[in-house]
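Structure, as structure tokens:
Every value quoted in this text rests on a predicted model; they were computed, and no experiment measured them. Here is the naming used below: chain letters follow the sequence lines, and residue numbers restart at 1 for every chain.
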Amino acid sequence: MIKNLVIVESPAKAKTIEGYLGKDFVVKSSFGHVRDLPKDNNAIDIEHGFKPTYVVSSDKREVVAQLKKLAKEAEIVWLASDDDREGEAISWHLTEALNLNDQKTRRIVFREITKNAIINAISTPRGIDMDLVNAQQARRILDRIVGFELSPVLWKKIKTGLSAGRVQSVAVRLVVEREREIDRFNAEASFKITAQFDVQGKTLEAELPARFKTEDEAQTFLQKCVGASYTIENLEKKPLKRTPAPPFTTSTLQQEASRKLYFSVAQTMSIAQRLYESGKISYMRTDSLNLSDEAIQGATKEIQRSFGESFVKQRRFKTKSASAQEAHEAIRPTDFSQMVASSDRNEQRLYELIWKRAIASQMADAEIEKTTATIGISTQADQKLQATGEVIKFEGFLKVYIESRDDEDSADEDVKGMLPPLSIGQEVSLRQMLATQRYTRPAARYTEASLVKKLEEMGIGRPSTYAPTISTIQKRGYVEKDSRDGKERPYQVLTLKNDQISSQQKTEITGAEKAKLFPTDMAMVVNDFLVEHFPNVIDYSFTARVEAEFDEIAHGQKEWEDMLDQFYKKFHQRIESSESISRADVSGAREIGTDPATSKTVLAKLGRFGPYVQLGEENTETGEKPLYASLRKGQFLETITLEDALELFKLPRVVGTYEDKEMTAAIGRFGPYIRHNSKFYSLPKTLDPLQVTAQEAVNLIEAKRKADAEKTIKTFSENEEVQVLNGRYGPYIVVGKKNVKIPKGKEPQDLTLQECLDLAEATPEKKGRGGFKKKEASPTAAKKTTKAKAGTKKAATKSKSSTKK
DNA sequence: CAGTGAGCGAGCTTCCGCTTGACTT
């Protein structure tokens, strides 16, 4: 018999709270939502006021059963799910799923996990806010309708298995439009003047605020400087203040961890999860900038102890985001006096980042003195050079934390040094003056984290979904995280030194990218289709507009059925009229030109197997067939040139014959290769698939055979499919396409053919890529083996749950 | 790691938000 049952969303939270409440309270977790719409297409009765059917999610059946039992025994059940729309819905679903009655049920909320906050919440319970629940239901149902009506349209018109949704389709759109913006971008060049002076053994760096459009103008300017003298005309000192950034939210944590630690957003979240579970940090899925009073006190104490009283400045930050629901605190250490949180390197690094950011947010401003020196040129009264320097007068928060930025171009380096001592009227001597050609840059491609930032700014998605959204659009083949080598670009530098002007051409690397998001051809085609036929849902402001309506529902000013009805009428009409769109119209086909050799047209298209180019058209009269070639990695339908396309038709090419079989050279996903007798041989970088000779190919094949023979431990003459090999991780058995580890205590030398076959039989099939031929042949065998391997634990729980049913 | 690029039709896919593990390499 228990007196009080408290239900929260997270088990880690439950543990902490139980400690605050004493023995009359049992605190359990629901592990998030316990019920949802079923997976099938009839979850919503659209005809009858969008009536939803809910089912207990399969992975929550045990949780619900356990909670039901405890709730029955308890005198009072306290529903303490999060204080936001989803949390309210969780509480409501719990009352339904656990059959709770109003008399013994209380709804409580708190936004920080501190003893005071919990005690306070218990003393001020309320009922469930059905308006807020209805707003959540409207959100859920709208998302289901959009996703489950739109995705099938893509299956029919473009490719099966594709997906679309309120959040992911906008994320893809952002990446697609950014890519096109970069494509269209034309870099403009200008000349930047910089000068170095010698001042009492030190260097004074100065630059001309204005830039010159052409080399001629820059040349003229330098020409006029020949023989000039340079004088400090003005010195201006200005105090500057820098203020610390607020403590982390999910999105800012992902951004900083990406820029400073090079973590992917998923990596950041899983490391943060471990820190949270071990009690080192507060909850990591939050959009709030708030710190509890206790946290502010804790930070203050630590700052006083480590840096002194003058470094303390208590601050409260207000969110600028309209979509923020602020059900939690900002991300912070649970104990500011702890600098070490884990022996795991990445956990410790992320913890330090969180610690520093939270500590810095409660520290004093940095005080800086900025000095600007204006340098006159005796021969040109209208042009002045400028030198700026900064001196930190008081470090303040800079002592622990400097926020990084997305545009980390060293060209406009923010950190400036001190100027050498100068006085007005002083003449400085020129060491050299440069006119360097600089180019404007296009907008940067998104990183995972900067895409999250953008989505958050637009109010799209939630802290709990940022990381999953980023991985969904990659899994669906819309977006690829990739690195690219840049291209060399020449630029001009004019140097004025000792009254002589010289000109030099240098090169720089431009357009190199590291771990950036690139849209695939599929993304382009799908996006264009959605923009044309469903402009409403893919509009950047769609979420903002429906959110405003959800708010009205939450405030009791609107019926959720009415809102959905209004939306659905127009939306469904578009779904229906999309039936008549022909598939050919959406293939993204583009004519890229004519082959000068054959004067046939070259087309770029998106096909069932990906993007390809086509030379010539099918002609039923002459029986002529077109030539096809798949695009390579890094080539895209929208940007491939005629020249590149013609190159593609040259491969695969027959190099020669060897042992009565043809050797062909081509380029595959892993690079260029030679194919011979259905085996593949990678070409080294030194060999060009277009140039490689028969002799070189033969050498390659023989070298590979020799290397293979060296790592072979055993072969069986009765069955050539079976081999025992020496691999990177030790010996293993190959049976057909299956690789099998050799169990401990077995000498690879002594293995018999039968033993090898038995071992292979006992090893589960590697999951193939969606081929459905396999599916039919293997389900029983696969099941048997996985069960055997999974051991008794899984088998036991499985049979338990099935008998319960 | 290739080749494929017509069409039919079986039976599949899909959303967003809340939460953790349980898997494998």
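Heavy atoms of A:S163 sit under 4.0 angstrom from primed sugar atoms or phosphate atoms, though from no base atom. Here A:Y283 lies in heavy-atom contact (under 4.0 Å) with sugar-phosphate atoms only. Within 4.0 Å (heavy atoms only), A:P468 reaches no atom of the nucleic acid at all. Residue A:G165 is in sugar-phosphate contact alone, with no base atom involved, counting any heavy-atom pair closer than 4.0 Å across all strands shown. Within the nucleic acid shown, A:G87 has no heavy atom closer than 4.0 Å to any nucleic acid atom. At a threshold of 4.0 angstrom between heavy atoms, the contacts of A:A164 are confined to the sugar-phosphate backbone, with no base atom among them. Using a 4.0 Å heavy-atom cutoff across all strands shown, A:P626 reaches no nucleic acid atom at all. Within the nucleic acid shown, A:R85 has no heavy atom closer than 4.0 Å to any nucleic acid atom.
Listed nucleotides B:dC15, B:dT19, B:dC16 differ in distance to A:V167; the shortest reach to its side chain belongs to B:dC16. Here the nucleotide nearest the side chain of A:Y612, chosen from B:dG3, B:dT19, B:dG5, is B:dG5.
Between A:T465 and the phosphate of B:dG17, there is a side-chain N or O to OP1/OP2 separation shorter than 4.0 Å.
You'll find the ring centres of A:Y673 and A:Y681 outside the 6.0 Å limit.
No donor-acceptor distance shorter than 3.5 angstrom exists from the side chain of A:T664 to the backbone of A:P652, with no hydrogens or angles considered.
Comparing A:L162 and A:L651, the nucleotide of DNA chain B nearest to each residue sits closer to the 5' end for A:L651.
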